[in-house]
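In this text the structure is predicted, and so the values were computed from the model without any measurement.
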Amino acid sequence: MGKDNRRGLWSRFLDALFPPRCVFCGRLTTREEPSCPRCRPYLPWLGEGEWDNARYQAFDGFCAPFYYEGRVQRAILGFKDTGRDWEADCFASLMVDALKRAYPEEAFTAAVPVPTTMEKLMKRGFNQTELLSRRVAEALRIPNLPHALLRLEETRTQHHLSALGRRLNAVSSYRSGEGKLEGSVLLIDDVATTGATLHACALALKEMGAQRVVALTLAATLKKTGNPVEKLDKNRYNDLL
């Protein structure tokens, strides 16, 4: 029996024991459909170019399947607590689909997850962003590089800060880690808010040799938080880099 046939039998066996469920509501679905027909029409899908905070950033492109609200928000918060493999599989599949629609011709050389703090890693036992990045890289058949970025210090929690505060906080928090990069690199995170973390990480990846950085997240905030550099003069913007 060939390897593909064995894999197919194993998948059917697992589906019989643990039937695939919609990642948003828990109803039974299929392995090919991470969301059920009832949820799909009501999910907050994010259209290409609709996220306002993608401007004035060090990354060269941005993509996410969803806005961060409603049942998507609840599902992501649950995933952060559990890190379930089947949820990571479903979310990564949705991210890859969105990426292929937005960048059908781009050949990526590697996927790099945004690193978490040691405090969160010890508390949860996993980095949910690395779980997503690993599966995205596998689907695209590119290396996943979880140590390419370093989290330098335990900075203040981002969601308590203003948009400009997030930018300043993040730039001092991430540095390049192991290895050299080239070509177009995927930067993976779970949720994009102001883009401050993605901006800081993209700067570090370009220091490692990446020519382009495309940020891929599962969701982006609906609220127009206001890009922190839009009202700054060019010299002040360069200081933030």
Point to revise | Test salt bridge (charged side-chain N to carboxylate O under 4.0 Å, His left out) applied to Arg124 - qualifying residues, sequence neighbours left out | key: none
Check your understanding: Of all heavy-atom pairs between Val136 and Ile188, which one has the smallest distance, and what is that distance?
Key -> CG1-CD1, 4.3 Å
Practice item. Keeping the roles fixed (side chain from Gln57, backbone from Thr194), state whether a donor-acceptor pair exists under 3.5 Å. Key: yes
Exercise for review: Could you tell me whether a side-chain N or O of Arg21 sits under 3.5 Å from a main-chain N or O of Arg27, the two making a donor and an acceptor?
Suggested key: no
Exercise for review: Would you tell me whether Ser35 and Arg40 have side-chain atoms, one donor and one acceptor, within less than 3.5 Å of each other?
Suggested key: yes
Practice item. Would you please test Asp85 and Arg134 for salt bridge (charged side-chain N to carboxylate O under 4.0 Å, His left out) and show each step? Key: CA-CA 11 Å; Asp85 285 340; Arg134 189 189 313 162; 5.8 Å; no
Point to revise | Under 3.5 Å donor-acceptor, Lys206 side chain and Ala58 backbone | key: yes
Practice item. List the atom of Phe24, the atom of Ala75, and the distance in Å for their closest heavy-atom pair. Key: CD2-CB, 3.8 Å
Exercise for review: Under the salt bridge (charged side-chain N to carboxylate O under 4.0 Å, His left out) rule, collect the residues that match up with Asp81, sequence neighbours excluded.
Suggested key: none
Check your understanding: Ignoring hydrogens and geometry, is there a side-chain-to-backbone donor-acceptor pair from Asp189 to Thr217 under 3.5 Å?
Key -> no
Check your understanding: Side chain of Asn144, backbone of Arg135: donor and acceptor closer than 3.5 Å?
Key -> no
Review point. Can you tell me how far the CD atom of Glu50 sits from the CZ atom of Phe62, to the nearest 0.5 Å?
Key: 11.0 Å
Practice item. Might you confirm whether atom CD of Gln211 has over 12 heavy atoms from other residues, nucleotides or ligands at distances under 6.0 Å? Key: yes
Check your understanding: Is the side chain of Thr109 donor-acceptor paired with the backbone N or O of Glu182 at a distance under 3.5 Å, no angle test?
Key -> yes
Point to revise | Val114 backbone acceptor or donor facing Asn127 side chain under 3.5 Å | key: yes
Point to revise | Whether Ser93 side chain and Asp89 backbone form a donor-acceptor pair below 3.5 Å | key: no
Revision key, fill the gap. Heavy-atom nearest pair, Tyr68 first then Leu77, reads OH-CD2, 3.3 Å
Review point. Checking side chain to side chain contact (heavy atoms under 4.5 Å, CB included) against Val185, which of Leu145, Val112, Val214, Asp60 comes through?
Key: Val112
Review point. For Asp97, which residues count as a salt bridge (charged side-chain N to carboxylate O under 4.0 Å, His left out) partner, sequence neighbours excluded?
Key: none
Exercise for review: Could you name each residue pair satisfying salt bridge (charged side-chain N to carboxylate O under 4.0 Å, His left out) that touches residues 71-80, not counting sequence neighbours?
Suggested key: Lys80-Asp190
Exercise for review: Please collect all ring-ring contact (aromatic ring centres under 6.0 Å, His included) contacts where either partner lies in residues 90-113, sequence neighbours excluded, each pair once.
Suggested key: Phe79-Phe91
Review point. Who are the salt bridge (charged side-chain N to carboxylate O under 4.0 Å, His left out) partners of Glu106, not counting sequence neighbours?
Key: Arg212
